[in-house]
Chemist: 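Dropping the structure in here first, questions after.
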Amino acid sequence: MAGRSWLADVLAVIMIVTAVYCASRLVVAVAQRRATEHDVDLVHIVMGVAMAGMLVPRINPLWSSAWAVVFGAATAWFGWRAFRGYRLARPDRFARAHHVPHLVMSGAMVYMLSAASRPGSGAASPGIAMGASAAGGARFPLAALVLAIFMVGYVVWVGDRLPALAPVRAWVAAPAMAAAMATAAGLGAPGLHAAGPQVATSEEAPARSGAPLRAPVSPRLAACCEIVMGITMGYMLILML
Amino acid sequence: MSDTAVTESRAARLGLPYRATATWEAPDTRRVLQLSLAGLWLLDAILQYQSFMFTRAFGQMLAASAAGNPAVVARPITWAARLVEQHGSPLNTTFATVQLLLALGIAWRPTLKAALAASIAWSLSVWWLGEGLGGVLTGSVSPVSGAPGAVILYALLAVLLWPADRAQEPAPFVAARAVGARASRALWLVLWASLAYFSLLPASRSGQGLHNRISGMAAGEPGWLAAADKNAAALLAQHGLAASVALAVVLVVIAAGVYLPAPAARAAIVLAVVVAAAIWVFGEALGTIFTGSGTDPDSGPLLALLALAYWPARAQAPARAQAPARARRTAQTVRRAAQIRGQ
């Protein structure tokens with residue numbers, strides 16, 4: 001890849017750790033019957049492994065075309081979730097847009113995989129990917145810049161809203177309050193997603209469904225995963241220029 | 001009752017950890033600008049992690065900024081550049097990580113003040129040791145090529161967006177909230193008037209001065225950006241003096257704009273944003289980000305961000321008057337939560 005190899009190694013380790021953590025979130029959610037955003041965590045697992053493989057090609061377990069199919073499916077899924085959010089959610093712009101960042105991140109993965117595996121770059125095999133810039137730049141570099149700027153904006157947006165996410169003990173004490181604050185901050189509330197039939201983050205959903213609000217699996221750490229992945233993806237996109 | 005008091009009392013009734021859940025407020029205009037500043041720092045950090053910055057060429061680039069400066073300024077630059085050449089990897093990692101921490105510190109509210117203060121100190125040191133004071137003492141700088149240096153604008157923004165309010169006077173725009181209207185207008189005037197002065201320096205106003213600066217930016221850029229630069233340069237060929245004078249007049253108008261009534265001030269701010277965008281695209285080639293050797297997005301986005309901080313507030317709605325609206329929003333959120341809890 002075009003960046004420093006030790007830096008790529010470090011970022012790859014961080015991505016693997018993030019993926020493992022997201023896998024543990026799913027396990028904890030099932031074992032303790034706590035809420036989490038299953039689709040987001042699942043995509044983070046796959047994304048962490050894929051990004052680690054792009055940064056350090058020798059640990060890439062799949063072909064780039066296979067990854068592209070996986071993230072194409074993820075893009076379609078989050079596109080559907082975002083569309084439903086806009087159609088069904090209450091007029092809360094942040095709640096409606098809750099899945100848009102995941103949509104863009106999945107789309108960015110498709111872009112990176114396809115731009116890096118263009119003909120002649122020798123990138124169609126496992127162990128590609130970020131070499132595109134070394135080979136003379138990716139296709140559509142402006143798209144890479146726009147996506148990188150989006151990642152930067154998303155990271156600071158999540159960072160700003162991090163204090164609004166109550167720690168788990170606050171959820172245990174007063175879940176409705178914690179959920180309302182998280183919803184007001186536009187970060188979503190995993191407990192609500194799991195408990196209610198509504199899309200996005202309507203705080204009325206659990207009340208309607210009658211399901212009790214459970215403390216979700218650490219919303220703050222979930223947001224930290226978003227930050228780490230956003231920074232790493234921004235770095236990878238800049239390398240594509 | 002203040003917004004904080006409303007929130008705190010309701011949160012206390014609900015038995016919640018107040019700090020954890022009830023103090024978050026939706027970002028106001030100043031906070032949005034602070035977050036934009038954090039975003040620029042983050043982009044800086046990511047660019048600083050690029051491969052080029054770990055090479056000796058980065059140190060050589062820093063050393064070049066010493067040229068033309070007085071010895072007292074140039075000597076520390078040369079020393080620092082040599083240090084970076086010799087220990088590029090650890091030093092550049094430190095630089096990039098500091099910028100990353102500044103970005104995250106500004107984005108995370110509990111560390112906002114510390115991060116802004118640190119960013120001022122960092123910016124001033126980089127302005128000297130990394131940018132040679134933006135070349136302002138060399139007599140060969142131009143606003144088109146990024147004078148007075150992008151990094152000093154980070155420091156200026158940190159000062160103007162400092163999270164404090166002067167109690168005595170309502171702020172006519174965001175930049176005035178921390179330092180007051182008079183001081184913030186003076187800072188604006190000094191900045192844009194100095195840009196006008198730089199555009200009239202001999203190196204800028206010579207027949208081919210602007211042409212050479214702009215056409216020189218095309219190398220290594222994608223085709224569309226190189227073509228834009230070359231076309232702009234072709235338009236200015238042999239018209240350096242006229243273009244420099246015209247640019248200086250525009251910059252003076254912008255400098256005086258914040259002293260005008262609100263409608264005219266808004267027009268001046270729009271003009272400032274347009275000029276900043278033109279400088280960024282044609283004079284700075286988007287900070288040469290596409291070449292792999294751009295250390296930051298350059299001064300264009302920062303000038304635009306600065307201009308937005310001077311956008312006149314609506315009449316009868318000074319910054320301090322926004323507090324009750326925010327209080328209502330926060331109180332509504334808390335009330336909704338209480339209703340849900342009661343169901």
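Quick note on labels: first sequence line is chain A, next is B, and so on, each numbered from 1.
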Chemist: Looking at A107(B), A38(B), P297(B), which makes the most heavy-atom pairs under 4.5 Å with chain A?
Modeler: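 The candidate making the most pairs under 4.5 Å is A107(B).
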Chemist: Please find the pair of heavy atoms, one from P27(B) and one from D160(A), that lie closest to each other, and give the distance.
Modeler: CG-OD2, 3.5 Å
Chemist: Return the minimal non-hydrogen interatomic distance between G159(A) and W108(B), and the atom names on each side.
Modeler: O-CD1, 3.6 Å
Chemist: What residues of residues 85-97 of chain B make heavy-atom contacts with chain A at a cutoff under 4.5 angstrom?
Modeler: S89(B), T93(B)
Chemist: Checking heavy atoms, do the side chain of I231(A), its backbone, both or neither come under 4.5 Å from chain B?
Modeler: both
Chemist: Closest heavy-atom contact between L145(A) and F290(B)?
Modeler: CD2-CZ, 3.7 Å
Chemist: Between V156(A) and G39(B), what is the shortest heavy-atom contact and its length?
Modeler: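 Between these two residues, the closest heavy atoms are CG1-N, 3.7 Å.
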Chemist: So which part of L142(A) gets closer than 4.5 Å to some heavy atom of chain B, the side chain, the backbone, both or neither?
Modeler: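 Answer is both: backbone and side chain atoms of L142(A) are under 4.5 Å from chain B.
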Chemist: Heavy atoms only: give me the nearest F54(B)-W6(A) pair and the separation to one decimal.
Modeler: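 Between these two residues, the closest heavy atoms are CE2-CZ2, 3.6 Å.
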Chemist: With only heavy atoms counted, which part of L225(B) is less than 4.5 Å from chain A, the side chain, the backbone, both or neither?
Modeler: neither
Chemist: Give, as side chain, backbone, both or neither, the part of L104(B) having an atom under 4.5 angstrom from any heavy atom of chain A.
Modeler: side chain
Chemist: What's the separation between atom OH in Y49(B) and atom CG in L239(A), rounded to the nearest 0.5 Å?
Modeler: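 One finds 12.5 Å between OH of Y49(B) and CG of L239(A).
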Chemist: Can you tell me how far CG of L43(B) sits from CD1 of I149(A), rounded to the nearest 0.5 angstrom?
Modeler: 6.5 Å
Chemist: For W41(B), which atoms come within 4.5 Å of any heavy atom of chain A: side chain, backbone, both, or neither?
Modeler: neither
